[in-house]
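In this text the structure is predicted, and so the values were computed from the model without any measurement. These values consider heavy atoms only, across backbone and side chains, with no hydrogens, waters or symmetry-generated copies. The first residue of the sequence shown is numbered 1, and numbering continues consecutively from there.
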Amino acid sequence: MSTPVPATIDPPLSFSVDNTLGALLIGSFFASAFWGITSVQTYIYYERYPNDRLALKLVVATLWVLDTFDACLTSHIVYHYLVTNYMNPMSITTPVWTMIMHTAVTTITDVLIRSMFSKRVWALSNGNIILTSIVWIISICELTVGLSKHPPLENNLDELKVLQQLRRKRRS
């Protein structure tokens, strides 16, 4: 015997969650896979290059720790929006604290990686100041923007306004 359907069913959402929550889920799958690749690369680096300078080993370890922390933040973001707020798709109008931390950690990681890249550019270009300065200027710009604003929210501001209006309508 089938279960009776409740008399009051919420109307279907007036927006698609494919390009928001679906993208978040798929992105987290890829991020997890890349974290695994990074972990293997880190292990192989320490096995193959035991005589590298301590400073380089510490940078590699720091990058791995930041990437691991970022993977934990990503897992929390996905859990928050897809499990904790399962029946509340309007929750995407408000960022969870880990999303803001994720942006900061990613920014710091990118600047560290570009610092290592700029050192290689300097060495391979025989000390070309202009080329190395371009890498540093881009890094400083990213650091400034990444730590002062929340880019994912800035890019989707119009979409968020529509979602907030829908949230208000559902409450009234």
Side-chain angles (χ1 to χ4, degrees), residues 16-86 89 91-128 130-157 159-160:
S16 172
V17 294
D18 289 343
N19 61 353
T20 52
L21 299 177
L24 174 68
L25 181 63
I26 292 169
S28 70
F29 291 158
F30 279 104
S32 296
F34 286 129
W35 177 82
I37 292 168
T38 301
S39 295
V40 170
Q41 285 179 332
T42 303
Y43 175 78
I44 290 170
Y45 165 75
Y46 282 108
E47 285 290 314
R48 289 190 182 168
Y49 303 102
N51 298 327
D52 271 359
R53 293 174 308 153
L54 180 62
L56 184 58
K57 288 181 178 182
L58 289 174
V59 169
V60 170
T62 301
L63 286 170
W64 182 80
V65 167
L66 285 171
D67 197 33
T68 302
F69 181 57
D70 189 56
C72 294
L73 293 174
T74 301
S75 297
H76 180 266
I77 292 167
V78 170
Y79 189 88
H80 173 78
Y81 289 116
L82 300 179
V83 177
T84 304
N85 287 293
Y86 174 70
S91 67
I92 62 173
T93 61
T94 329
V96 65
W97 66 271
T98 46
M99 189 176 289
I100 296 163
M101 283 290 293
H102 167 74
T103 304
V105 169
T106 303
T107 299
I108 292 167
T109 302
D110 289 349
V111 168
L112 281 172
I113 291 168
R114 280 206 188 96
S115 298
M116 293 175 66
F117 176 67
S118 68
K119 185 178 178 195
R120 297 300 303 158
V121 168
W122 176 263
L124 293 173
S125 67
N126 296 321
N128 187 331
I130 295 172
L131 198 56
T132 308
S133 296
I134 290 171
V135 174
W136 271 105
I137 289 169
I138 291 170
S139 295
I140 291 169
C141 287
E142 182 192 2
L143 183 65
T144 304
V145 171
L147 295 180
S148 64
K149 299 222 182 242
H150 193 276
L153 292 179
E154 295 285 323
N155 293 339
N156 297 321
L157 201 53
E159 229 177 275
L160 288 174

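For the pair Asp70/Leu66, no side-chain contact is recorded, criterion being any heavy-atom separation below 4.5 Å from C-beta on. Under the 4.5 Å side-chain criterion, counting only non-hydrogen atoms from C-beta, Tyr45 is in contact with Leu56. When side chains are defined from C-beta on, Val96 counts as touching Ile77, because their heavy atoms get closer than 4.5 Å. At a threshold of 4.5 Å between non-hydrogen side-chain atoms, the residues Val59 and Met116 count as touching. Counting heavy atoms from C-beta on, the side chains of Thr74 and Trp35 never come closer than 4.5 Å.
In this structure, CG in Leu24 is found 10.0 Å from CZ in Phe29, a value given to the nearest 0.5 Å. The distance from atom CG of Leu63 to atom CD of Gln41, rounded to the nearest 0.5 Å, is 11.5 Å. Ser32 contributes atom OG, which lies 11.0 Å from atom CD1 of Ile37 (distance to the nearest 0.5 angstrom). Considering CD1 of Ile134 and CG of Asn128, their distance stands at 8.0 Å, rounded to 0.5 Å. The structure places OG1 of Thr68 at 11.0 Å from CG of Leu73, a figure rounded to the nearest 0.5 Å. His102 NE2 to Trp97 CH2: the interatomic distance, rounded to the nearest 0.5 Å, is 13.0 Å.
Dense packing is recorded around OH of Tyr46, with more than 12 heavy atoms of other residues, nucleotides or ligands lying under 6.0 Å away. Few gaps surround CG on Leu58; more than 12 heavy atoms of other groups in view lie less than 6.0 Å from it.
Screening residues 108-117 for side chain to side chain donor-acceptor pair (under 3.5 Å), with sequence neighbours left out, gives Arg114-Glu142.
Nearest heavy-atom pair across Val111 and Ser139 is CG2-O, 3.7 Å. When every heavy atom of Ser28 is checked against every heavy atom of Leu25, the shortest pair comes out as OG-O, 2.6 Å. For the residue pair Pro95 and Tyr81, the shortest heavy atom distance occurs at CA-OH, 3.3 Å.
Judged purely by atom type and a 3.5 angstrom limit, Thr106 has no side-chain atom pairing as donor or acceptor with the backbone of Thr103.
Trp122 and Thr132 share no donor-acceptor pair across their side chains, judged by distance under 3.5 Å alone.
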